[in-house]
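A quick write-up on the structure given underneath.
Worth knowing before you read on, the calculation uses all heavy atoms, side chains too, and leaves out hydrogens, waters and symmetry mates. Indexing begins at 1, ligand by ligand and atom by atom, following the structure's order.
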Amino acid sequence: MPIWNAEYETMPREQLAALQLRRLQSTVAWVYERVPYYRQELDARGVKPRDIRSLEDVRLLPLTDKTALRDTYPYGMFAVDLEQVVRVHSSSGTTGKPIVVGYTKGDLNTWTELTARVVSAAGVTAADRVQVVFLYGMFTGGWGMHYGMERVGATVFPAGSGNTERQLMMMQDFGTTAIVGTPSYALYIAEVAEKAGIDMHALPLRLGLFGGEPSGEGMREEIEQRLGILATDNYGLSEVMGPGVSGECEHQCGLHMAEDHFLFELVDPVTSEPVPAGGEGELIITSLTKEAFPVLRYRTHDLTTIETAVCECGRTSARMRKVRKRTDDMLIIRGVNVFPSQIEDALLAVEGVEPHYLIVVDREGAMDTLEVRIEVSPAIFSDVMRNMVAFNKQVGEKIASIVGLQAKITLVEPGTIERTVGKARHVVDNRTQF
Ligand code: DLL
């Protein structure tokens, strides 16, 4: 598979480190001069841009959280005049006011370069016909991937999400070879296709590039089998840029990180101390080349590990493990820490369970309750209904063995859990205090 930008993607790591240091020094100088928030934070620590002499000195810089971005809404963290800003996006999924991010012409060029790397790594070439089923609009997913696809020369169909029958019609008539969207929407497309009697394996579709939300290996396999494709994962966040931060190559062994444009750290989410090599930690990202919206040590709240051994594909970039957990979606139920991804894994390990589920957390008196509503496949629905007690017991035991909690299992008819065209909602927490 060709490497989009071999010079940077296969750069020897010492050379990369030198490049990162130069870029870090200019970023710190840039924000110190232009963003009052960062200047105050640096002054409060008595740190001047010239104090950054090595990559380790990044730790002299303050960590930045969403709150700083909210407090300076909408443009307070911009490092250039709006006149220089040619695009604005905002974050999805937060309550209240969104986080607003901006891009200069140069930033858009970098962003396009980085999504071009991600799509090339996944195997997309100029010969592909790509259907983008991400939302466009303020979400970074659609636009970010769109431009990267165009840069590699692929033929892009900016379908957006929704109207699934129409998506399927396009796939059949336009000869779509790759789709780009959220993994949950990909599964929904598979489901609608199956209902409509469309044989996805008979179509030219061969690749799927998925991101924007967590998904495990079970989900990947399910998508690959049902759509007859190779599925790769790619990661990013609006505050840092959008998609393009990291993405898997065809070997599917971790997401190659764009280290020439970002400095990545992993820290203990509680103490903020660096984690030992190979350990799991919260991913912290400092942008190295951004002009309009640079970020210093941005707390992603995403947990991962980082691997630096060279990948079979030849890229020298470090790879992050698929993100399955966030430091802040952890539920504490009856004192037990639960990640929704663990429940998903437990469910998918049971035959006949569909990846459509809803975790409902509530409180009866002083007692937390955990209910998992799940869909089972139409093929075995009536069977399961006959043996519901046994089936519920099997699912309940699986969850208990992975999560350590008894859950109430409610089976629901296939197709009854709400489908979204964007990010799936898997948890409803009805407790008033946490
Ligand atoms: O979701 C950017 C994106 C769009 C990435 C399309 C890849 C593809 P936000 O809406 O700001 O940006 O959400 C960012 O979503 O901190 C993660 O928790 C989660 N996330 C994004 N991609 C993945 C992924 C976009 N591949 C937040 N795996 C991040 C797991 C992901 N989580």
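Nearest-residue assignment for atom 1 (O) of ligand 1 (options Arg299, His301, Lys423; heavy-atom criterion): Lys423.
In terms of N/O distances under 3.5 Å, ligand 1 is not approached by Ser215. On a distance-only criterion, Ser91 and ligand 1 share no N/O pair closer than 3.5 Å. Considering backbone and side-chain atoms alike, Gly212 places an N or O below 3.5 Å from some N or O of ligand 1.
A donor atom on one side chain and an acceptor atom on the other are found under 3.5 Å apart for Glu113 and Asn5. Side-chain polar atoms of Arg151 and Asn109 form a donor-acceptor pair below 3.5 angstrom. Side chains of Glu291 and Thr104: a donor on one and an acceptor on the other come within 3.5 Å.
Near Gly141, the atoms of ligand 1 lying under 4.0 angstrom from a non-hydrogen atom of the residue are 4 (C), 6 (C). Near Val323, meaning under 4.0 Å from any of its heavy atoms, are these atoms of ligand 1: 28 (N), 30 (C).
With Tyr188 as the aromatic partner, Arg419 does not meet the cation-pi criteria of under 6.0 angstrom to the ring centre and within 45 degrees of the ring axis.
Using a distance-only test at 3.5 Å, with no hydrogens or angles considered, a donor-acceptor pair links the side chain of Thr115 to the main chain of Gly144.
Using a 4.0 Å heavy-atom cutoff, Phe139 is listed among the residues neighbouring ligand 1.
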